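Naming convention: chains lettered A, B, ... in sequence-line order (proteins, then strands); numbering from 1 in each chain. This one's a predicted model, so the numbers in the text were calculated from it and none came from an experiment. Atoms considered below: every heavy atom in the structure, side chains included; atoms not considered: hydrogens, waters and symmetry mates.
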There are 2 protein chains.
Amino acid sequence: MSAGPLHRRIYSDLEDRILSGALAPGRRLPFEHELMQDYGCSRATVSKALSELAARGLVTRRRRAGTFVAQPKAHAAFLAIPDLRAEVTERGQVYGYRLLTQIERGPADPAEAELAAGARLLDLTCLHSADSIPLALERRLIGLKAAPQAIAVDFKRVSPGSWLLESEPWTEAENRIGAMGADAKSARLLQIKRGAACLCVERRTWRDGLGVTQVRQIFPGDRYDLVALFSSARSGGRAGEPRR
Amino acid sequence: MSAGPLHRRIYSDLEDRILSGALAPGRRLPFEHELMQDYGCSRATVSKALSELAARGLVTRRRRAGTFVAQPKAHAAFLAIPDLRAEVTERGQVYGYRLLTQIERGPADPAEAELAAGARLLDLTCLHSADSIPLALERRLIGLKAAPQAIAVDFKRVSPGSWLLESEPWTEAENRIGAMGADAKSARLLQIKRGAACLCVERRTWRDGLGVTQVRQIFPGDRYDLVALFSSARSGGRAGEPRR
DNA sequence: CGTCGTGGTATGTCTAGACATATTGATCGC
DNA sequence: GCGATCAATATGTCTAGACATACCACGACG
């Protein structure tokens, strides 16, 4: 019966009671000492299970009061945005990458100045393709203050996304996902009609408050979807499924 | 100095060494018994800190071998998709909601049949607006097998999203985010041009493998962005920022 | 040379306590 | 009635052990 460790079984039992509605939001869970008796184990084991429930946001714990089922707040999902190369090859397609432009320059607006932090920027444009069909147009800025080694990298051979993922860790990121019509230049490079709907992903990352990179990727809307999965049992995610 | 509990300090110290690059990916962390000596605490305390690092994906632990810094895999972000009403009012705008159509019917294709699971479906169309400007067109199907009470709800007054969030818990969800040009009907309802780029969010949710609902929300690309944040210190997210 | 045990080791799980801390609910004084 | 105080209580943190389990390295044996 008891497949895994006891604390996991306690976790699962309580999770089931919450998700099935048997324990409604706001209701109090059994006290730790009650669960100790129910399962015949020590308090540390019970507490580990409850702590995991709390870490996942299913319950909130209050001293003296007890542990309560949390109010459902929002749909939340884990969005994974892996390296495009890995993603395309995993789909069984041939990945292609081409560097279009590369210049080193100073910041041109306040947002870029924040990224530059007094130093200069590397400004790259490149194109990713799957089976020779353009998949994404990428415009990337790299802050040379945070990532000075970038200046020595040959981005004709390695895409900036791959290099940064391996070389420059980040602590914070903001992803902005929107839709826009393709402008004339983007449309030509992506081989789509001008004004065609595109998915636009903008990502900015920082390491300890210092800007590392900001990137804007434009995907033709009919060639790419982002997919975010959520499972309360175990959360995972993937991106870039082929369109249905 | 020691602000909080010891296990958190150990966690933070190790996290800093990983994110700063002092401990590169693949490198082995100190053994638990070494950390015990370093911090002068018991193994349980050290293990709690390491377990939290592992839960966050910063390290992987292998019996007999030790604990190792994980390879950075992918950009991952926590995407929160809250209730549209809460989102709009939080932005200081007036939320508007209108039910356009509501019918009860049987499934019309294989995907709908999976959701229906032998029972019938509730098929709703509604429009969300912010300050009287259309923000999202929503087409929603509710599986009456999983959510039979839905048939008695007055969706002219309460939006299906709000009702489901409170009444029908789910255990798994899949979100698909893409871009598409508005078709004629959607364009008219959203008061945009036909073919204008729109963000399209499709979400399907299940409870214990039984389909609860599937929804497709269409947002004008110039009125709505999804935002997903990630911070290694503490992950959170929000959605629906006004466009810059 | 290859293969099968076998022992050592680091983590995984768990116990039976201890003290700390925050919060609640009741009691007391005004 | 109302506010301040105080004790009861549930969780938060931690200890010093114990045994289990997986895995690697090494050695013995075919």
Side-chain angles (χ1 to χ4, degrees), chain A residues 1-18 23-71 233-235, chain B residues 1-18 23-71 233-235:
Chain A
M1 263 314 158
S2 61
L6 182 54
H7 66 80
R8 182 143 294 279
R9 209 188 127 210
I10 300 175
Y11 174 94
S12 302
D13 287 355
L14 292 171
E15 184 193 35
D16 285 349
R17 288 167 68 183
I18 292 169
L23 278 170
R27 281 272 298 278
R28 208 204 71 227
L29 272 68
F31 293 125
E32 293 190 354
H33 69 262
E34 292 176 306
L35 291 168
M36 280 172 66
Q37 293 212 327
D38 290 353
Y39 289 93
C41 65
S42 76
R43 205 185 125 216
T45 305
V46 166
S47 191
K48 189 177 178 83
L50 291 175
S51 297
E52 271 171 54
L53 284 168
R56 300 226 179 184
L58 282 167
V59 303
T60 56
R61 312 182 74 187
R62 296 211 322 270
R63 277 172 163 131
R64 157 76 219 218
T67 301
F68 299 83
V69 179
Q71 300 287 341
R234 188 145 299 281
S235 63
Chain B
M1 264 313 157
S2 60
L6 181 55
H7 67 80
R8 181 143 295 278
R9 207 187 130 211
I10 300 174
Y11 174 94
S12 302
D13 286 355
L14 292 171
E15 184 193 34
D16 285 349
R17 289 167 66 182
I18 293 169
L23 278 169
R27 282 272 297 279
R28 207 203 71 226
L29 272 67
F31 293 125
E32 294 190 354
H33 70 263
E34 292 175 308
L35 290 169
M36 280 172 65
Q37 293 211 326
D38 291 352
Y39 288 93
C41 66
S42 76
R43 203 185 128 217
T45 304
V46 166
S47 192
K48 188 177 178 84
L50 291 175
S51 296
E52 271 170 55
L53 284 168
R56 300 227 179 182
L58 283 166
V59 303
T60 57
R61 311 182 73 187
R62 296 209 324 266
R63 277 168 162 135
R64 157 75 220 215
T67 301
F68 298 83
V69 180
Q71 300 287 341
R234 189 146 298 281
S235 63

Could you report the tightest heavy-atom contact between B/Pro25 and B/Val69, atom names first, then the distance?
CA-CG1, 3.7 Å
Identify the residue among A/Asp13, A/Leu29, A/Leu14 that makes a side-chain contact (heavy atoms from CB on, under 4.5 Å) with A/Leu35.
A/Leu14
Axis deviation across the helix from C/dC1-D/dG30 to C/dC30-D/dG1, five-pair ends, to the nearest 10°
10°
How close or far is atom P of C/dG8 from atom CZ of B/Phe31, stated in whole angstroms?
17 Å
Touch check for A/Leu6, heavy atoms < 4.0 angstrom, all strands: base, sugar-phosphate only, or nothing?
sugar-phosphate
Need to verify one output field. Residue with the more 5' nearest nucleotide on DNA chain C, B/Leu29 or A/Thr45?
B/Leu29
Whole-Å distance, B/Glu32 CD to C/dT13 P, equals 11 Å
Using the side chain to side chain contact (heavy atoms under 4.5 Å, CB included) criterion, which residues pair with B/Asp16? Sequence neighbours excluded.
none
Minimum heavy-atom distance A/Ala70-A/Gly57, with the two atoms named:
CB-O, 3.4 Å
Listed by chain and number, what are the side chain to side chain contact (heavy atoms under 4.5 Å, CB included) partners of A/Ser12, not counting sequence neighbours?
A/Arg8
Pairs flagged by ring-ring contact (aromatic ring centres under 6.0 Å, His included) wherever residues 32-51 of chain A is involved - sequence neighbours left out
A/Phe31-A/His33
Nearest-angstrom distance from the residue atom CZ of B/Phe68 to C1' of C/dT11:
11 Å
Protein-to-nucleotide contact annotation, 5' to 3' order, nucleotides 16-27 of chain C [B base; S sugar-phosphate only; - none; under 4.0 Å, heavy atom]
--B--BSBBS--
Tell me the interatomic distance from A/Arg8, atom CZ, to C/dC14, atom C1', rounded to whole angstroms.
16 Å
Nucleotide C/dA10, atom C1' - distance to CG of B/Leu50 in whole Å:
11 Å
What is the distance from NE2 of A/His7 to P of C/dG12, rounded to the nearest Å?
10 Å
Go through C/dT13, D/dG12, D/dT13 for me and flag the one nearest to the B/Pro5 side chain.
D/dT13
Heavy atoms under 4.0 Å, any strand shown: does B/Thr67 hit a base, just sugar-phosphate, or nothing?
sugar-phosphate
Identify all side-chain donor-acceptor contacts of residues 59-68 of chain A below 3.5 Å with residues at least two apart in sequence or on another chain.
from	atom 1	to	atom 2	distance (Å)
A/Arg61	NH1	A/Ser51	OG	3.1
A/Arg61	NH2	A/Glu32	OE2	2.2

Using a cut-off of less than 4.0 Å, is there contact between a side-chain N or O of A/Arg61 and OP1 or OP2 of D/dG12?
yes
Please report, rounded to the nearest Å, how far the P atom of D/dT13 is from the NZ atom of A/Lys48.
13 Å
Tell me the closest heavy-atom pair linking B/Leu6 and B/Cys41, and the distance in Å.
CD2-CB, 3.5 Å
Could you tell me how far apart B/Arg9 (CZ) and D/dG12 (P) are, to the nearest whole angstrom?
22 Å
A/Leu50 and A/Ser47, any side-chain heavy atoms less than 4.5 Å apart
no
